[in-house]
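Everything on this sheet refers to the single structure shown next.
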Amino acid sequence: MTSLESSPGWHCIQTASASFEPLGARRLFLLGGIGLILVGMLFGDIFAVFVLHQNAAKVGANLARAAHAALAGNSFAVQTNFQNVGKFLENRGTKVDTHVHMTGFGYLALLLALVEPWIALTPRAKRGIAWIFLVGAGLLPVGVFLIHYVGLVYSPFESIGWASIAADFGGFLVMIATLACLAGLWRNFRSPARERVTDGLIALQDPVGRLLLAGGILLVLLGFLGGGYYAAVDLYSHEARDFDDLSQMSLAAAARNANAVDHALADYGQLQGEKAVKMAAHAHAIEFGLLAMMLAFFQPFVNLRDVWKRRWALVLLLGSALLPFCVLLELRYGLLAGGLADFGGLLVVVALLAMWIGILRCTGQWAAASQPRRGIPA
Amino acid sequence: MSAARRILLVGGLALALWGMGHGLWYAAFAEHQALNAIGSSLTAAFSGAAQRNAPRVNSSMQQYKEAKYVYDRQVDAHSHWIGFAMLLIVLAVCFDRLALSEKWKVLLAWGVLSGAVFFPLGVLLQTFSHGPMPRAIAALGSALEIVSLLLIAIAFARRPSPACA
């Protein structure tokens with residue numbers, strides 16, 4: 001027996017290793033999940049830089065044209081401009097949904113990777129479930145992205161196109177896979193042998209994992225407090241302002257008061273900016289916090305040198321804090337803060353990619369006592 | 001598996017399914033209609049303005065307000081249920097590292113699960129009633145969630161407790 005085999009953590013290493021077979025469900029969920037988050041974040045960054053601001057400007061311009069058309073008494077121009085607003089909002093909405101669902105499913109995949117050992121099904125069944133999940137998780141965002149471009153072409157329904165149907169089918173697959181995992185967990189809990197199901201991965205105390213866990217919880221807590229503050233202080237006043245601005249805009253147009261229309265338009269634009277940055281800061285702080293917490297558990301599988309594992313964890317936490325903080329500052333400092341926020345997002349993407357590569361390199365050599373400084377520590 | 005972890009894990013997975021089921025139902029049967037209602041009421045309000053028809057402006061804007069109010073809350077409830085579900089499952093995995101007694105762990109697990117259920121439920125109930133009760137439920141759920149997480153964070157900071165699941 002080697003010194004590693006006689007160490008207290010040897011059983012944990014063995015059980016963790018057993019759950020990470022090549023093309024096993026845990027590896028599929030983990031690599032697929034991080035991959036979905038990476039693609040979703042890259043898409044989100046590209047969308048933010050090249051589409052979001054331009055799209056918002058077009059929405060604002062068309063709304064202003066509609067208000068001025070109402071001022072001039074031109075009903076036809078009002079309808080045309082609102083149709084344009086609808087198209088731009090749909091374009092924006094489907095791209096936001098693509099980003100949100102892709103990263104969301106990535107998070108769910110990481111969660112299922114965490115609980116995989118407790119799912120009392122055969123390895124083959126779990127592998128099948130993982131594939132169904134990943135196919136659905138890929139199909140839904142692609143379908144949502146295509147809604148704007150496919151529209152209602154050849155659709156048998158009045159308001160739902162083929163892209164929406166594909167997206168809904170993707171969501172259905174994800175639900176089926178999640179339901180199967182829940183059934184497996186239930187079976188485990190009902191089994192008399194449940195206490196024998198162990199997962200050494202959770203028990204392994206990795207210093208980088210502790211760093212990510214602490215940083216993640218702090219980010220989630222800050223995000224919660226920010227969200228609570230927004231709900232208590234801003235939410236209802238923002239809703240009232242939204243209604244007041246649009247009412248004032250249309251009533252001033254009816255009364256042919258151009259100054260009041262322009263004033264309401266300016267206030268409405270400012271309000272939309274305020275709402276967007278506060279919600280984005282709240283959501284991103286919590287999402288990045290959760291991501292850091294989940295990645296904390298998988299650090300033993302990141303097959304990189306300890307010093308690099310620590311560096312990438314710090315980069316991830318730095319980017320995770322920088323993005324929401326700079327998003328909040330966008331109203332005051334404009335593009336400078338926006339650029340820094342995008343840089344924060346890029347830091348998270350790069351750190352995530354490094355960890356993904358490290359996990360991909362983890363092909364079973366963790367059990368070898370000859371490599372104590374890499375993978376699961378001895 | 002300890003009772004606290006089981007509460008968080010089963011509760012989290014059930015909540016994720018519930019949130020996804022709600023989102024799927026909403027996307028398939030209600031979202032398109034809601035977005036159409038928002039767009040058409042705004043168009044009607046501005047068309048009314050072009051025709052100098054103030055009563056039409058007012059009635060259309062009221063329709064817009066109601067449709068937007070319901071849409072925002074449906075989307076919020078869906079996203080918060082799923083977000084909380086993920087947090088519950090992650091906490092379930094590391095809950096045995098908390099430097100607390102089993103009784104406190106179970107109490108905190110119920111606290112964080114109750115907050116995760118009641119906060120979005122309160123938000124959703126606001127679509128049926130504009131009275132104070134749904135807001136109170138949402139506020140209570142939110143407070144439960146924040147206080148529970150704060151206590152969990154403090155317990156994590158106190159002392160790492162090794163555990164083998």
Side-chain angles (χ1 to χ4, degrees), chain A residues 11-12 66-67 69-75 78-79 82 85-86 104 107-108 111 114-115 117-118 159-160 168 171-172 174-175 178-179 181-182 185-186 189 194 198-200 202-203 205 210 213-214 217-218 220-221 224-225 228 231 239 242-243 246-247 250-251 253-254 286 290 293-294 297, chain B residues 1 6 9-10 12-14 16-17 20-21 23-24 27-28 32-33 35-36 39 42-43 45-54 57-58 60-61 64-65 68-69 72 79 82-83 86-87 89-94 96 138-139 142-143 145-146 149-150 152-153 156-157 160 162-165:
Chain A
H11 172 67
C12 297
L71 195 69
N74 186 345
S75 294
V78 166
Q79 293 197 359
F82 265 109
V85 168
Y107 282 53
L108 192 54
L111 288 178
L114 273 177
V115 300
W118 297 315
S159 59
I160 302 174
D168 285 344
F172 176 72
V174 171
M175 272 191 68
T178 312
L179 204 56
C181 290
L182 190 63
L185 282 170
W186 181 254
F189 295 145
R194 62 184 178 274
T198 58
D199 180 21
I202 309 305
Q205 297 281 330
R210 278 204 297 274
L213 197 58
I217 290 178
L218 189 64
V220 171
L221 199 55
F224 273 17
L225 290 172
E239 281 187 333
D242 183 282
F243 175 71
L246 287 168
S247 288
S250 46
L251 287 170
I286 293 172
L290 263 177
M293 286 173 75
M294 284 190 278
F297 299 110
Chain B
M1 182 180 284
R6 199 177 305 184
L9 191 57
V10 176
L13 276 170
L17 273 173
M20 282 195 281
L24 193 63
H32 295 284
Q33 293 86 329
L35 290 172
N36 282 342
L42 262 187
T43 309
F46 279 74
S47 295
Q51 292 155 8
R52 317 296 175 220
N53 186 345
V57 170
N58 283 325
S60 300
M61 282 308 300
Y64 163 80
K65 187 181 183 182
K68 183 82 168 34
Y69 184 87
D72 284 350
S79 56
I82 293 177
M86 289 198 290
L87 181 66
I89 298 169
V90 174
L91 287 175
V93 174
C94 58
D96 282 349
S142 167
E145 200 66 31
I146 290 174
L149 194 67
L150 191 65
I152 289 168
F156 269 123
C164 197

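All values below were derived from every heavy atom in this structure, side-chain atoms included, with hydrogens, water molecules and symmetry-related copies excluded. Numbered from 1 within each chain, the chains take letters A, B, ... in sequence-line order.
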Inset, instruction - For atom CZ of A:Phe172, decide whether the heavy atoms of other residues, nucleotides or ligands shown that lie under 6.0 angstrom number more than 12. - result: no

Inset, instruction - Find out whether B:Leu17 and A:Leu182 are in side-chain contact, i.e. whether some heavy atom of one side chain is under 4.5 Å from a heavy atom of the other. - result: yes

Inset, instruction - Measure across A:Phe224 and B:Ile146 and return the closest heavy-atom pair with its distance rounded to 0.1 Å. - result: O-CD1, 3.8 Å

Legend entry - Heavy-atom proximity to chain B below 4.5 Å, by part of A:Gln79: both

Inset, instruction - For chain B, find which of A:Ser247, A:Ala69, A:Ala214 contributes the most heavy-atom pairs closer than 4.5 angstrom. - result: A:Ser247

Legend entry - Interatomic distance, B:Met86 atom CE to A:Leu114 atom CG [nearest 0.5 angstrom]: 12.0 Å

Legend entry - Region of A:Leu185 in contact with chain B, defined by heavy-atom distances below 4.5 Å: side chain

Legend entry - Residue A:Val85 versus chain B: region with a heavy atom under 4.5 Å: neither

Inset, instruction - Identify the two heavy atoms, one from A:Phe297 and one from B:Cys94, that lie closest to each other, and give their separation to 0.1 Å. - result: CZ-CB, 3.3 Å

Inset, instruction - Tell me, out of B:Leu91, B:Leu35, B:Leu24, B:Leu13, who's got the most heavy-atom pairs with chain A below 4.5 Å. - result: B:Leu13

Inset, instruction - Identify the two heavy atoms, one from A:Ala70 and one from B:Arg52, that lie closest to each other, and give their separation to 0.1 Å. - result: O-NH1, 2.8 Å

Inset, instruction - Considering only heavy atoms and a distance below 4.5 Å, find which of B:Ile152, B:Asn53, B:Leu150 pairs most often with chain A. - result: B:Leu150

Legend entry - Contact origin within A:Ala72 toward chain B - heavy atom pairs under 4.5 Å: backbone

Legend entry - Most contacts with chain A, counted as non-hydrogen pairs under 4.5 angstrom, among B:Ala14, B:Ala45, B:Ala50: B:Ala50

Inset, instruction - Could you tell me which portion of B:Val90 (side chain, backbone, both or neither) has an atom closer than 4.5 angstrom to a non-hydrogen atom of chain A? - result: both

Legend entry - A:Ala253, part contacting chain B, at a heavy-atom distance under 4.5 Å: both

Legend entry - Atom pair CD1/CZ of A:Ile217 and B:Phe156 - distance to nearest 0.5 Å: 4.5 Å

Inset, instruction - Identify the heavy atoms of A:Phe243 and B:Met61 that sit nearest to each other, and give their distance. - result: CE1-O, 3.3 Å

Legend entry - Check against side chain to side chain contact (heavy atoms under 4.5 Å, CB included), B:Asn58 and A:Leu251: CA-CA 8 Å; B:Asn58 283 325; A:Leu251 287 170; 3.8 Å; yes

Legend entry - Residue A:Leu218 versus chain B: region with a heavy atom under 4.5 Å: neither

Legend entry - Which of A:Leu221, A:Leu71, A:Leu225 touches chain B most, by non-hydrogen pairs under 4.5 Å: A:Leu221

